[in-house]
**Q** 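Handing you this structure, nothing more for now.
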Protein chains: 2
Amino acid sequence: MNTASPTRKPSRIQKRNRKLILDAALEVFSTHGYRGATLDQIATCAGLSKPNILYYFTGKEEIHITLLNGLMDTWLAPMREIDPEGDPLEEILRYVHRKLEMSREFPRESRLFANEIIQGAPRIGPHLEAGLKPLVDETSTLFEGWMAAGKLAQMDARHLIFSIWATTQHYADFAAQVRVLMGEADVEGGARAHLDMMFRRLLRP
Amino acid sequence: MNTASPTRKPSRIQKRNRKLILDAALEVFSTHGYRGATLDQIATCAGLSKPNILYYFTGKEEIHITLLNGLMDTWLAPMREIDPEGDPLEEILRYVHRKLEMSREFPRESRLFANEIIQGAPRIGPHLEAGLKPLVDETSTLFEGWMAAGKLAQMDARHLIFSIWATTQHYADFAAQVRVLMGEADVEGGARAHLDMMFRRLLRP
DNA sequence: TCTTTTCTTGACCATACGGTCAGGAACCGC
DNA sequence: GCGGTTCCTGACCGTATGGTCAAGAAAAGA
């Protein structure tokens with residue numbers, strides 16, 4: 001019986017294999033996109049047989065959705081950690097640095113989301129509305145309060161957030177391009193210094 | 001006989017149909033990615049039959065590569081238009097605005113490139129090295145000269161370029177997300193004002 | 001007009017892919 | 001050790017997809 005049974009805590013094997021599958025799927029989906037990924041690739045990558053994959057998940061789409069949902073929390077955590085009581089400039093800079101770190105630490109997750117959004121968010125659209133939007137609205141209000149209090153330079157809070165996302169995730173999503181253009185240089189360190197300077201200049205009242 | 005014949009100027013019909021195909025392919029590839037796109041979709045979208053598509057192109061991959069190569073020039077044109085003799089700050093701001101305009105005007109092209117790069121640039125990698133890198137190197141040198149002359153704030157020129165690309169293309173590549181978060185607001189105008197202010201603050205010596 | 005070349009297509013093919021199923025193997029409480 | 005449940009797989013199926021081909025329709029020369 002599969003996981004459809006309502007009350008049944010997952011066995012040791014179940015936990016291990018679902019993790020194997022999701023990890024393999026993250027690898028494959030993030031590099032080939034949803035349509036480009038195949039169950040065979042995921043199975044091989046996970047070290048399991050294809051029917052076994054379908055023993056744990058009802059189909060390809062469920063794997064993808066499970067991944068996206070599970071990752072959403074991790075992905076938004078840094079924004080949730082912005083402290084309304086902290087120093088505005090330092091809080092936002094900390095957020096920038098945390099996002100950049102995540103770009104380096106979880107590039108596959110970043111690309112998974114990027115792939116999904118670029119293609120019109122066909123499978124995660126509802127979750128954007130329900131999960132992301134409230135958080136962004138709240139954070140925007142917080143930023144606007146800081147600006148009104150003269151703690152930050154005046155600007156559109158949502159566009160500021162877009163700029164932070166864009167500049168930090170760029171290093172994960174466009175890594176192939178960055179690698180070509182930067183060669184052997186210390187990309188990570190350079191990016192950190194650049195973004196710190198950039199947002200410091202931008203936000204200083 | 002197909003286009004492999006070396007010396008043969010394309011007929012009227014040939015020109016029209018190749019254009020139809022490439023335009024349809026841009027639409028389909030940019031929204032579904034390379035693997036997600038099918039020849040049938042492209043054929044339907046172009047109003048031609050599938051075998052007819054394959055009369056003009058040897059296969060799916062050739063269509064994709066032709067698209068990428070043909071678009072590269074258009075895509076890099078704004079960077080080529082930066083005037084070394086112009087006012088540094090205004091030249092770069094003009095570049096930012098031009099890139100943002102292209103995001104609005106050619107979102108499909110932007111997503112096509114984004115898809116390709118995210119997946120590791122498997123089909124355009126060589127062209128990045130040969131076409132993009134020299135131009136970026138040259139532009140970086142120009143920027144560094146301006147910085148050394150005290151016309152711009154000091155920073156890493158390559159990371160500056162990344163920041164410009166990331167923030168402007170974000171509005172095309174992540175349009176689905178922006179739409180959810182901004183609702184009916186005037187995204188275009190807000191983005192223009194925000195990026196102008198942002199890079200002005202950043203670059204002012 | 002007649003001929004040659006270019007263009008177009010319906011029918012077809014081989015493969016790849018998502019998914020199913022019957023039955024066997026491994027695990028687990030007893 | 002035994003019975004029942006969970007876990008696993010080889011073989012298989014229907015469909016979608018990239019691509020081919022022979023032959024007809026349309027243009028283009030002559």
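Being a predicted model, the structure only gives us computed values, none of them experimental. To find a chain, count down the sequence lines: A is the first, B the second, and so on, and within it residues start at 1.
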**Q** Compare the minimum distances between each of dT6(D), dC27(C), dG18(C) and the side chain of Ile13(A), then state the nucleotide with the smallest one.
**A** dC27(C)
**Q** If you compare every side-chain N and O of Asn52(A) against the phosphate oxygens of dG10(D) (OP1, OP2), does one of them come in below 4.0 Å?
**A** no
**Q** Is it the case that His170(A) and Gln169(B) place a side-chain donor and acceptor less than 3.5 Å from each other?
**A** no
**Q** Is any N or O donor-acceptor pair between the side chain of Lys60(A) and the base of dG19(C) shorter than 3.5 Å?
**A** no
**Q** Expressed as a whole number of angstroms, how long is the span from Gln14(A):CD to dC7(D):P?
**A** 5 Å
**Q** Under 4.0 angstrom, heavy atoms only, what part of the nucleic acid is Ala37(A) near: base, sugar-phosphate, or nothing?
**A** sugar-phosphate
**Q** Do Arg123(B) and His64(B) meet the criterion of a side-chain donor-acceptor pair at a distance under 3.5 Å?
**A** yes
**Q** Kindly point out which of dG18(D), dG18(C), dT8(C) is positioned nearest to the side chain of Asp40(A)?
**A** dG18(C)
**Q** Round to a whole Å and report the spacing from CZ of Arg35(B) to C1' of dT15(C).
**A** 12 Å
**Q** Can you tell me which nucleotide in dC8(D), dT8(C), dG18(C) comes closest to the side chain of Leu39(A)?
**A** dG18(C)
**Q** Return whichever of Gly36(A) or Leu54(A) has its heavy-atom-nearest nucleotide of DNA chain C closer to the 5' end.
**A** Gly36(A)
**Q** Are Leu202(A) and Leu202(B) close enough that some pair of their side-chain heavy atoms sits under 4.5 Å apart?
**A** no
**Q** Take the protein atom CZ of Arg18(B) and the nucleotide atom P of dT8(C), then report the distance between them rounded to whole Å.
**A** 13 Å
**Q** From the options dT20(C), dT8(C), dC7(D), select the nucleotide whose nearest atom is closest to the side chain of Tyr55(A).
**A** dC7(D)
**Q** Can you tell which of dG10(C), dG19(D), dC17(C) lies closest to the side chain of Pro51(B)?
**A** dG10(C)
**Q** For the residue pair Val187(B) and His159(A), what are the closest heavy atoms and their distance?
**A** O-CE1, 3.6 Å
**Q** Rounded to whole Å, please give me the gap between NZ in Lys50(A) and P in dG19(C).
**A** 9 Å
